[in-house]
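These figures come from a predicted structure and were not determined experimentally. One-based numbering, in listed order, for ligands and for the atoms of each. Values below: every heavy atom of this structure, side chains too, minus hydrogens, waters and symmetry copies.
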Amino acid sequence: FDYDLVVRGATLAGPAEVFEGDLGVRDGVIAAIGRDLRRGREEIDAKGLVVTPGGLDPHCHIEEPSEGGGVQEESFSSGSAAALAGGTTSFICFVPQWKGHPIAATATGYEARARASRADYSFHQIITDPTPDVLEREVPALVARGIRSLKVFLTYDPLRLTDGQFLEVLATARRLGAFVTVHCENYDAIGWRIRALLEAGLTDPLQHAWARPPVVEREATHRAIALAELVDQPIQVFHVSCDEAAEEIARARARGVKVWGETCPQYLTLSTDDLAKPDFEGAKVVCSPALRAPGESERIWARIREGTLDVVSSDHCGFSFATAKRDPGSSGYGQGGAGARPDGMPAFNAIPNGVPGIETRLPVLFSEGVSAGRIDLPTFVRLTSTNAARLFGLAGRKGTLAPGADADLVLWNPDAERVLTNADLHHAIDYTPWEGMRLKGLPTMTIRRGEVAVREGVVLAEPGSGRFLARGPYALARPSGRVPDGFDAAAARR
Ligand code: DUC
Ligand code: ZN
Ligand code: ZN
Ligand code: ZN
């Protein structure tokens, strides 16, 4: 046989074009693309199916421990099964750091647990306490091991950095050729709103959105970009929820700043109407930034089409409704103390922030994007894999249909329809925010490095079969070379 596997007669959808053809796999890698390829040991008839590169989810929280003792219920085994079932063959999750502790205190155990993954995986390192030892010893060691991106929060009680600390992280990343991702919301503004809402007795899940309106996100997005521009360090703004924040990114890009923007399916499909549902159901969609007013999501789609937002991640969080959202404990993803209500439910600010979505990210985007005519197939591919691969140092290896790339493939039946329901999902969470949504276009098979990982909803990939993706230096993370007055403060501090 010339190939281990041939996918025959498919509509191949890459990041730049769509064409009919066969795809041959050898040793887990795409070996050839063309017409009438010679025989493979295994043959898949893909006539009438669309083949895309496997999804790369560059932002998901899997089995992430909080300092309060809570571990998210999603495990690496369940989370990666869900990922594969939804067409995502690799993901980047987060190694926590706790204030007052070195990175190593949390990283060693976390990295060991990640070895149970069935999908390929990498890490962003969260920095909550940028001491000289962390920045000058621990972070360089991580980057040398291929953990080449840092995540910082400008809000959340146990996580947020001051502007001064953020600048030190940016300068360190610049020296090391690492990339920085940022959660942009104004911590003090949110704290002030939360206190006023609680004092007024306004505690419903809907008030989560009132505590952090778009201006709070716009301000922090503008500030993060300004500080990154000062240091000349490339950044990505995580989970853009509103046009106000996207506008700040568009303005910065127009003047040549290396800033990128990500959004998530929740901001493209849900709204404050979902937060306002009765019987505490709104708690299911408490995430930060918050869901926006009905209609705002069409403006986010427009920001995708103009290119300002070029990655759609899940921001998957493993907080179930039965436990975490009703009896929150300390998730880390909250702010302003643990307010309770007369009915015993947590006040809006004590509900752990985050929605589960690692399995639904691609199907929801395919249905609402491609099938609904909002985006074309190459745009879908760029949003779900190619652009994240470029931003995080995996270009050529992930996110493309080209010889030499890992044979991570999703076969789609573009005409299949199904009503989405949590019972069909593989995650460990007891709900999906998209319960009852009618999907058009469904994944029928996921192939990870040439092996069938999921067939008709049955996950075949074993725990531990995923590989750690070490990432080397890459062009997108390089600074532009422009600093105010020609004085390179990050380099001078070396
Ligand atoms: N937002 C969420 O909704 N969940 C986890 C982290 C975040 O920033
Ligand atoms: Zn501690
Ligand atoms: Zn965030
Ligand atoms: Zn997140």
Inset, instruction - Evaluate the ring planes of F94 and H61, with Trp represented by its six-membered ring, and classify them as parallel (under 30°), tilted (30 to 60°) or perpendicular (over 60°). - result: parallel
Inset, instruction - Give a yes or no on whether H61 keeps an N, O or S atom under 2.8 Å from the Zn ion (ligand 4). - result: yes
Legend entry - Mutual orientation of the aromatic rings belonging to F76 and Y121 [parallel < 30°, tilted 30-60°, perpendicular > 60°]: tilted
Legend entry - E298/R374 ion pair, N-O < 4.0 Å: yes
Legend entry - Total protein N/O/S atoms whose distance from the Zn ion (ligand 3) is less than 2.8 Å: 2
Legend entry - Aromatic plane relationship, F153 with Y333 - under 30° parallel, 30 to 60° tilted, over 60° perpendicular: tilted
Inset, instruction - Report yes or no: does Q266 contribute a side-chain atom to a donor-acceptor pair with the main-chain N or O of S314 at less than 3.5 Å? - result: yes
Inset, instruction - Look at the side chain of E185 and the backbone N and O of S288, then say whether any donor-acceptor pair between them is shorter than 3.5 Å. - result: no
Inset, instruction - Output the set of protein residues with a heavy-atom contact under 4.0 Å to ligand 1, ordered first by chain identifier and then by residue number. - result: H61, Y156, H183, H239, C287, S288, D315, C317, Y333, N353, G354
Inset, instruction - State which residue, out of E359, R448, R361, fulfils the side-chain hydrogen bond (donor to acceptor under 3.5 Å, both in side chains) condition with T88. - result: R361
Legend entry - Result of checking R292, R212, H239 against E217 for side-chain hydrogen bond (donor to acceptor under 3.5 Å, both in side chains): R292
Legend entry - NZ/NE/NH1/NH2 to OD/OE distance under 4.0 Å, R251 and E247: no
Legend entry - Any donor-acceptor pair under 3.5 Å from H208 side chain to C287 backbone: yes
